[in-house]
Participant: 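I have a structure here, written as structure tokens, and I will follow up with some questions on it.
Convention: sequence-line order gives letters A, B, ...; per-chain numbering from 1.
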2 protein chains.
Amino acid sequence: MILSTKGRYGLKAMFELGLQYGKGPIPLKVIAERQTIPENYLEQLIAILRKAGLVKSVRGAQGGYLMLRPPEEVTVGQVLLALEGPMAPAECVTDSESPKCKLASGCVTRGVWEKISHSIHDVIDTMTLQHMIEEQISTIEKE
Amino acid sequence: MILSTKGRYGLKAMFELGLQYGKGPIPLKVIAERQTIPENYLEQLIAILRKAGLVKSVRGAQGGYLMLRPPEEVTVGQVLLALEGPMAPAECVTDSESPKCKLASGCVTRGVWEKISHSIHDVIDTMTLQHMIEEQISTIEKE
DNA sequence: TTTAATCTTGACAAATTTAGTAGGGTATTC
DNA sequence: GAATACCCTACTAAATTTGTCAAGATTAAA
Ligand code: FES
Ligand code: FES
């Protein structure tokens, strides 16, 4: 159960956008180079993030992408939700309105999925891009 | 990021085998019916579990499958590892010997993947089939 | 106003995974 | 030897993953 490159590339890209926050737009090309992501593929990923309302675009020369909100307000969970769908082991433990599992009562695995889901969300819903940035700074200082 | 049916069916099947522990082999057909899993497909899944050393088979009439160890000693994590591969968001935070991520130092997302991985394993490596069985019994009693 | 930078959209596609289906073979028991 | 049940392999339709490519729209800057 490894995440797809969508989530892995996408979070790296959002980190770069977080670093840049408040300093104007940054073109995709730069992000793609820094994080070694195929530029054309990243284009598709950032389109998803744009539609999810996490970033906005500025067209034309000197244009690029920028975050709509400060990195303190954007959680890892929001990014992964947009790119990977609900971060839960089964649909029935998602907040989505589809209860799907009719067998919910009497289902022997539901309890497990709920516990896994909660533990994942404890992490990703509290961790923001700002936390990632701070962590990165402190590991660099140690070298 | 929803688990595939491999993991979802497989854990349900292991639950049934856990219930049956100590009472002789149980045929696949019964498990498939109780948990509504296509029998032929379950055959492939249980082959994986057998190769992983979690169950053994008894051939012939009155045969079937049984768990090698008591349900207290089998964790959800062992089952999911066999069926879904490492339960981590990225390869680099797996115990496997492939360090893959050459960029580990300087990687901005690794910290996130580590935290997610730990929180998942906190749950699945401590939860056993016996826990699932007990939980199931207590929810039935409440009705 | 022209040019270059940049986003936007949509098409295409190879490789892999998912979620089965089908069927013949083998071992065991009654 | 008939019934039961595991064992193994092959096949497949559909979806997802992981991109690549090309044409066009928009805007800033020269
Ligand atoms: S897997 Fe959803 S209720 Fe059982
Ligand atoms: S994703 Fe593995 S070290 Fe960065």
Participant: Give me each pair satisfying salt bridge (charged side-chain N to carboxylate O under 4.0 Å, His left out) with a member in residues 118-137 of chain A, each pair once, sequence neighbours excluded.
Facilitator: A:E135-B:K115

Participant: Does A:S57 place a side-chain N or O at less than 4.0 Å from the phosphate oxygens OP1/OP2 of C:dT6?
Facilitator: no

Participant: May I ask whether B:M67 and B:V30 are part of the same hydrophobic cluster, defined by side-chain heavy atoms of I, L, V, M, F, W, Y residues being less than 4.5 angstrom apart, directly or through others?
Facilitator: yes

Participant: Where along residues 58-65 of chain A does a heavy atom come under 4.0 Å from DNA chain D, residue by residue in number order?
Facilitator: A:R59, A:G60, A:A61, A:Q62

Participant: Filter on salt bridge (charged side-chain N to carboxylate O under 4.0 Å, His left out), then keep only pairs touching residues 40-51 of chain B, sequence neighbours left out; what's left?
Facilitator: none

Participant: Which residues satisfy the side chain to side chain contact (heavy atoms under 4.5 Å, CB included) test with B:T75, sequence neighbours excluded?
Facilitator: B:Q78, B:T128

Participant: Tell me, please, which residues at least two apart from B:E72 pass salt bridge (charged side-chain N to carboxylate O under 4.0 Å, His left out).
Facilitator: none

Participant: Shoot me the first and last contacting nucleotide of DNA chain D against chain B, ordered 5' to 3', at under 4.0 angstrom to non-hydrogen atoms.
Facilitator: D:dT4 to D:dA10

Participant: Would you give a per-nucleotide map of nucleotides 11-22 of chain C, 5' to 3', where B means the base has a protein non-hydrogen atom under 4.0 Å away, S means only the sugar-phosphate does, and - means neither?
Facilitator: -------SBBBB

Participant: Could you tell me which residues satisfy side chain to side chain contact (heavy atoms under 4.5 Å, CB included) with A:E73, sequence neighbours excluded, listed by chain and number?
Facilitator: A:R69, A:P70

Participant: Using a heavy-atom cut-off of under 4.0 Å over every strand shown, decide if A:I46 touches base, sugar-phosphate, or nothing.
Facilitator: nothing

Participant: Who are the side chain to side chain contact (heavy atoms under 4.5 Å, CB included) partners of A:P25, not counting sequence neighbours?
Facilitator: A:V58, A:L66

Participant: In this structure, how many angstroms lie between the C1' atom of C:dA4 and the NZ atom of A:K29, rounded?
Facilitator: 11 Å

Participant: In whole Å, I'd like the distance from the CG atom of A:L66 to the P atom of C:dT6.
Facilitator: 13 Å

Participant: Which residues pass the side chain to side chain contact (heavy atoms under 4.5 Å, CB included) test with A:L42, not counting sequence neighbours?
Facilitator: A:A13, A:L28, A:I31, A:A32, A:I37, A:L45

Participant: Please list, chain by chain and in numerical order, all residues satisfying salt bridge (charged side-chain N to carboxylate O under 4.0 Å, His left out) with A:E16, sequence neighbours excluded.
Facilitator: A:R34

Participant: Check residues 79-87 of chain A and write down every donor-acceptor pair under 3.5 Å in which the side-chain atom is one partner and the other belongs to a residue at least two apart or another chain.
Facilitator:
residue	atom	partner	partner atom	Å
A:E84	OE2	A:S4	N	3.3
A:E84	OE2	A:S4	OG	2.8
A:E84	OE2	A:G7	N	2.9

